[in-house]
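Worksheet: one structure, shown below.
Both counts, for ligands and for their atoms, begin at 1 and track the order of listing.
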Amino acid sequence: MLFQKGQTPQFIEIRRIAYQETYPLRSAILWPTDPSQVPLPTDPDGIHFGLFTSSAASASPISVISLFLEPDSQARFRKFATAAEAQGKGYGSQLLDHMLSEAARQGVKRIWCTARTNQTGFYAKRGMSIVDGTESLQKGVAHIIMEKML
Ligand SMILES: CC(C)(COP(=O)(O)OP(=O)(O)OC[C@H]1O[C@@H](n2cnc3c(N)ncnc32)[C@H](O)[C@@H]1OP(=O)(O)O)[C@@H](O)C(=O)NCCC(=O)NCCS
């Protein structure tokens with residue numbers, strides 16, 4: 001249980017969710033025009049987190065992120081999204097921190113992601129570094145690999 005900083009205390013809960021619960025936000029926020037990009041073949045093997053607030057209209061998460069453990073104490077996170085109306089309020093940062101703590105607790109030493117290039121500033125502020133400068137395109141969206149040592 002967490003309480004958001006601000007004038008009105010708000011109940012915030014971050015918990016593990018089923019991968020199917022990430023799909024509405026993945027679809028609406030990340031791939032609104034390409035539903036084929038929403039499910040990942042590896043989803044059943046991932047650890048999926050959702051952030052919920054007391055003011056959410058339903059029992060749906062308002063921010064989601066998925067963690068995939070890899071060999072050699074590494075992990076990748078994917079499909080990070082906050083509902084449009086909830087962005088810029090600190091929810092994503094709290095969810096990212098929670099996921100990183102959980103990864104560290106599970107023995108992860110290096111975590112990486114393919115960041116959308118318009119989000120590299122967000123990740124850099126949170127301790128992630130660009131691995132090399134090579135951009136790749138995924139369905140027309142530019143990405144770059146970033147990493148963080150835990
Ligand atoms: C990236 C994303 C998941 C971040 O989620 P979020 O909930 O908006 O994240 P936060 O609110 O914690 O942080 C966003 C900004 O708001 C700022 N912020 C944090 N708390 C705040 C508050 N209480 N009031 C106002 N702004 C705040 C943060 O400082 C941050 O700005 P910064 O990067 O300049 O520091 C979200 O923007 C998103 O879904 N984007 C579209 C999909 C996407 O690009 N996903 C990532 C793919 S790699």
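Remark: R116 qualifies as a cation-pi partner of W31 under the 6.0 Å distance and 45° angle criteria applied to the six-membered ring. A cation-pi contact, defined as under 6.0 Å to the ring centre and within 45° of the axis, links R15 to F52.
A continuous path of Ile, Leu, Val, Met, Phe, Trp and Tyr side chains, each step under 4.5 Å between heavy atoms, connects V38 with L30, placing both in one hydrophobic cluster.
For ligand 1, none of its N or O atoms has an N or O atom of Q94 under 3.5 Å away. The shortest N or O to N or O distance between G90 and ligand 1 is below 3.5 Å. Between R116 and ligand 1, a contact under 3.5 Å exists for no N or O pair. Considering backbone and side-chain N/O atoms, G88 comes within less than 3.5 Å of an N/O atom of ligand 1. Taking any N or O of S63, backbone or side chain, none lies under 3.5 Å from an N or O belonging to ligand 1. Between G92 and ligand 1, at least one N/O pair is under 3.5 Å apart. Polar contact check, G121 against ligand 1: no nitrogen or oxygen pair lies under 3.5 Å apart. Taking distance alone, with nitrogen or oxygen atoms compared against 3.5 Å, Q119 approaches ligand 1 more closely than that limit. Of the N or O atoms in R126, one or more lie within a sub-3.5 Å distance of an N or O in ligand 1. Note: no N/O pair closer than 3.5 Å links T114 and ligand 1 by distance alone.
Side-chain atoms of S27 never come within 3.5 Å of backbone atoms of Y23 as a donor-acceptor pair (strictly under, hydrogens ignored).
Side-chain contact of H48 with T22: a donor-acceptor pair under 3.5 Å is absent, judged by distance alone. D45 and Y19 share no side-chain donor-acceptor pair at under 3.5 Å. When only modelled atom types and interatomic distance are considered, R26 and S66 share a side-chain donor-acceptor pair under 3.5 Å.
When heavy-atom distances to ligand 1 are checked against a 4.0 Å cut-off, N118 has no atom that comes that close, whether in backbone or side chain. Contacts with ligand 1 closer than 4.0 Å are made by heavy atoms of both the backbone and the side chain of Q87. If you look at F77 next to ligand 1, there are no close heavy atoms at all, none under 4.0 Å.
Those atoms of ligand 1 that come under 4.0 Å of a heavy atom in I29, given as number and element, are 39 (O), 41 (C), 42 (C). The ligand atoms of ligand 1 that sit less than 4.0 angstrom from a heavy atom of L30 are 42 (C), 43 (C), 45 (N).
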**OP:** Could you walk me through whether F122 and S93 pass side-chain contact (heavy atoms from CB on, under 4.5 Å), step by step?
**Re:** CA-CA 9 Å; F122 174 88; S93 298; 4.0 Å; yes

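Residue contact check for ligand 1: A81 places a non-hydrogen atom closer than 4.0 Å to it.
We find the CD1-OG distance between I111 and S73 to be 12.0 Å, quoted to the nearest 0.5 Å.
The side chain to side chain donor-acceptor pair (under 3.5 Å) contacts involving residues 138-150 comprise Q37-Q138, R110-E147, where partners must be two or more places apart or lie in separate chains.
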